[in-house]
Amino acid sequence: MKIDAHQHFWNHDPVRDNWIDESMQVIQRDFLPNDLKPELDRKQIDGCIAVQADQSPHETRFLLELAAHNPWIKKVVGWVDLNAADVEGQLESYQNEEKLAGFRKILQSLAPEAIEDPHFLHGIRKLADYGFTYDILIYPQHLEKAYALALRFPNQPFIIDHLAKPDIKNGELDHWTKGIKKMAELDNVFCKVSGMVTEAKWKNWQKKDFTPYLDTITAAFGTKRLVYGSDWPVCLLAASYDEVYDLAWNYYENFSKEEQFAIFGGNAQRFYGIEA
């Protein structure tokens, strides 16, 4: 099974989605399953994982409803208030949602110290009790605190979104490399091969810009903990769906078939609990 392990759906709301500013007009519209399915079909991708873009309970329900009507949406990474006093009750209310794999908090917009918040840590501690995964959305400056988080909860499956967003545009490698290699030492941490083009120069990137970053994560995580994702439709700011897919596929084209199948589907199935 081939899986796109990171994409989003939304009915565009200019107030709620105010992070989509005027420089992002190409994604200032609705993006729904009918828009994505032709892209998946063209690349012979069997299914996807829909990841939250809005931090609200409504977002989780919205994605689960889409998944219920579109069997090829294999799993949902939703949102829950991990800092809430009643987080356990919220998680319990979701435990029978078969399509709900786990949750994500948008940490990238917060100070690294937010990862140490006792309320947040309490929420993370409860995830494993209900079998939920956690997507780590951060920048390189958060990696040190993220490492401490994953080390603290060795039984919690974590996956880093978008390589932890290295500064590809300016070619920064050293600080990110140190942090990402440290994260890769932890067996409970996976990493998504996703989100690269929007960290590069949107309209002026070249394939070679990504090679040092792909070299680093592949050496660090190996091929059993890397997971392909498109980050569609956000990727459209810098590249088409085909271009994003081809960047990853072309890099791994000389790897064994077994390794390719792992990165482009098998590892996502294993991490998110997708049945064949």
Side-chain angles (χ1 to χ4, degrees), residues 3 5-10 16 19 48-69 73-139 142-162 164 183 186-192 225 227 229 267-275:
I3 300 290
H6 197 105
Q7 52 77 216
H8 308 283
F9 297 116
W10 60 68
R16 182 197 64 192
W19 62 275
C48 67
I49 294 165
V51 179
Q52 64 83 221
D54 179 49
Q55 301 196 99
S56 72
H58 170 78
E59 175 80 346
T60 305
R61 292 295 174 193
F62 166 68
L63 295 178
L64 286 172
E65 186 174 338
L66 293 181
H69 290 92
I73 302 175
K74 300 298 184 182
K75 290 285 182 175
V76 165
V77 174
W79 181 88
V80 69
D81 187 356
L82 290 167
N83 290 54
D86 68 339
V87 64
E88 189 163 9
Q90 294 184 52
L91 294 175
E92 188 171 347
S93 72
Y94 286 125
Q95 67 180 118
N96 293 323
E97 294 285 356
E98 293 182 4
K99 285 286 186 88
L100 186 60
F103 297 97
R104 184 175 81 158
K105 179 184 175 77
I106 300 179
L107 289 169
Q108 67 176 22
S109 60
L110 304 175
E113 290 71 26
I115 298 173
E116 299 174 318
D117 184 299
H119 301 290
F120 176 68
L121 294 176
H122 173 71
I124 293 291
R125 185 178 294 111
K126 294 299 179 183
L127 290 178
D129 294 343
Y130 295 92
F132 289 124
T133 62
Y134 183 77
D135 270 56
I136 304 176
L137 179 63
I138 54 172
Y139 285 114
H142 297 86
L143 279 167
E144 185 178 347
K145 303 293 187 187
Y147 171 79
L149 175 72
L151 181 66
R152 184 171 186 160
F153 299 108
N155 296 322
Q156 173 60 46
F158 292 98
I159 190 163
I160 300 167
D161 292 346
H162 314 329
M183 289 291 285
L186 304 176
D187 291 339
N188 59 324
V189 179
F190 284 53
C191 184
K192 288 187 183 177
R225 288 187 291 141
V227 175
N267 295 340
Q269 287 182 255
R270 184 159 51 94
F271 184 84
Y272 286 115
I274 300 169
E275 295 182 3

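- Within a 6.0 Å radius of CD in E144, other residues, nucleotides and ligands contribute 12 heavy atoms or fewer.
- Here the closest non-hydrogen pair linking D135 and R104 is O-CG, 3.4 Å.
- Put simply, CG on L143 and CG on L149 are 12.0 Å apart, with the number rounded to the nearest 0.5 Å.
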Please assess V77 against I49 for the test side-chain contact (heavy atoms from CB on, under 4.5 Å), listing each intermediate value before the final yes or no. CA-CA 7 Å; V77 174; I49 294 165; 3.9 Å; yes
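- Taking a 6.0 Å sphere around CD of E275, one finds it holds 12 or fewer heavy atoms contributed by other residues, nucleotides or ligands.
- Remark: T133 OG1 to Q156 CD distance equals 7.5 Å, nearest 0.5 Å.
- With hydrogens and angles ignored, the 3.5 Å screen pairs a side-chain donor or acceptor of H142 with a backbone N or O of L110.
- When side chains are defined from C-beta on, E59 does not count as touching W10, because their heavy atoms never get closer than 4.5 Å.
- For the pair R61/E97, a side-chain contact is recorded, criterion being any heavy-atom separation below 4.5 Å from C-beta on.
- Contact of the K75 side chain with the I3 side chain is not registered, since no non-hydrogen atoms from C-beta on lie closer than 4.5 Å.
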Verdict with supporting geometry, V76 and L100, side-chain contact (heavy atoms from CB on, under 4.5 Å): CA-CA 5 Å; V76 165; L100 186 60; 3.9 Å; yes
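- Here the shortest heavy-atom pairing between R225 and L186 reads NH1-O, 2.9 Å.
- Listed for the K192 side chain is a donor-acceptor partner under 3.5 Å among the backbone atoms of A5.
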Take I136 and M183 through the side-chain contact (heavy atoms from CB on, under 4.5 Å) test and state the conclusion after the steps. CA-CA 11 Å; I136 304 176; M183 289 291 285; 4.1 Å; yes
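- Of all heavy-atom pairs between R125 and R152, the closest is NH2-NH2, 3.9 Å.
- A distance of 9.5 Å separates NE2 of H6 from CD1 of I159, quoted to the nearest 0.5 Å.
- Under a 3.5 Å cut-off, the side chain of Q108 and the backbone N or O of L137 do not form any donor-acceptor pair.
- For residues 84-105, the ring-ring contact (aromatic ring centres under 6.0 Å, His included) pairs, not counting sequence neighbours, are Y94-F103, F103-F132.
- For K145 against P112, the heavy-atom pair with the smallest separation is CG-O, 3.6 Å.
- Other residues, nucleotides and ligands place more than 12 heavy atoms under 6.0 Å from the CD atom of Q95.
- Between the side chain of Q7 and the main chain of C48, no donor-acceptor pair closer than 3.5 Å is present.
- Across every non-hydrogen atom of K99 and K74, the tightest pair is CD-O, 3.1 Å.
- Closest of all the heavy-atom pairs between I106 and Q55 is N-OE1, 3.0 Å.
- No side-chain heavy atom of W79 sits under 4.5 Å from any side-chain heavy atom of D54.
- Rounding to the nearest 0.5 Å gives a distance of 11.5 Å between CD of E88 and OG of S93.
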From CA spacing to verdict: side-chain contact (heavy atoms from CB on, under 4.5 Å), L82, L127: CA-CA 9 Å; L82 290 167; L127 290 178; 4.0 Å; yes
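- In terms of modelled atom types and a separation under 3.5 Å, the side chain of N188 and the main chain of F153 share a donor-acceptor contact.
- Each of F271, F158, Y272 was evaluated against F190; a single residue qualifies, F271, per the side chain to side chain contact (heavy atoms under 4.5 Å, CB included) test.
- With a 6.0 Å radius and a threshold of 12 heavy atoms from other residues, nucleotides or ligands, E116 has its CD atom above the threshold.
- Panel note: side chain Q52, backbone T60; no donor-acceptor pair is recorded below 3.5 Å.
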